[in-house]
Amino acid sequence: MKSTTKKLAAIFLGPPGSGKSSVAEQLEAEEHTATINTGRILRKEINKQSDLGEKIKDYIQQGKLAPTPLVKEAVSKILADTDEEYVVFDGFPRSRSQLKEFGEICRDNNCELTAVVIFETNREVARKRLTGRRICEYDGRIYNLYFNPPPGDSPCAKDKSLLTQRDDDKAETVENRFEEYDETTRPLVEFFLTENPGITHSINTEKEMEEMFVSVLSTLKQAGWNKLPV
Ligand code: AMP
């Protein structure tokens, strides 16, 4: 059954490696918002080897966008199941055409778009954030070989074979993801900047993570998300 609670939505837009998902995850972890991260949802389906996972895995492995109807169905279901008042969309919509689907999903679920947050980023830094990312199989911690390597006494520093890399963080796939962003998502960013400047806010991503988080909180608060702490 669809939730009838009125919701406020924000769209986070930025290239892979911009830090937008880290901010969105922190908002969710501190219980300020629900976060709908389509990349994470789709990766989970692949790990579960569900029907959806089987249909989308080749796209994700190549760094290409999965077919919109499949993504729309997954997003719609999750939004209908959430009772949170504030919802961050991280990774959807990702193209001009997905904006139409986003509008339909919002209409069906009593959800109003009140902010678009843009995380533009230096490409070389984003490349290192992605290709350097490693996950420790022992405790699930996420490290970065360039910026945050595992500390000397950690299991992963002692046994490097415990460090795994996401398939789509491999160098070639990362370049495909950047290309996909430039071709498909950047026009959506430009659309919001020119057509909806009143709700569109650019975040400085050169800052430390915590500072970036605080500026996103204050942006959302200005967008009417009054119950957020600042
Ligand atoms: P992300 O973690 O946001 O970089 O997403 C990882 C991958 O999931 C992308 O490279 C796409 O293959 C897929 N994906 C995520 N969001 C979408 C979307 N809105 N539409 C199509 N594919 C998506």
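Every number for a ligand or one of its atoms is a count from 1 in the order of the listing.
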Q) For ligand 1, what are the residues with a heavy-atom contact below 4.0 Å? A) T38, G39, L42, R43, I60, K64, L65, A66, V71, G91, F92, R94, Q98, R166, D168, R177
Q) Distance-only, no hydrogens or angles: does the R134 side chain make a donor-acceptor pair with backbone N or O of Y143 under 3.5 Å? A) no
Q.
Show, in sequence, the C-alpha distance, side-chain angles and deciding distance for E28 and T33, and conclude whether the side chain to side chain donor-acceptor pair (under 3.5 Å) test is met.
A. CA-CA 5 Å; E28 186 179 41; T33 68; over 6 Å; no
Q) Below 2.5 Å, is that where the SG pair of C106 and C111 sits? A) no
Q. Between K7 and Y86, is there a donor-acceptor pair closer than 3.5 Å when you use the side chain of the first and the backbone of the second?
A. no
Q: Measure from the side-chain N and O atoms of T114 to the backbone N and O of L8, and report whether any donor-acceptor pair falls under 3.5 Å.
A: no
**Q.** side chain to side chain donor-acceptor pair (under 3.5 Å) partners for S97, two or more places apart
**A.** S95
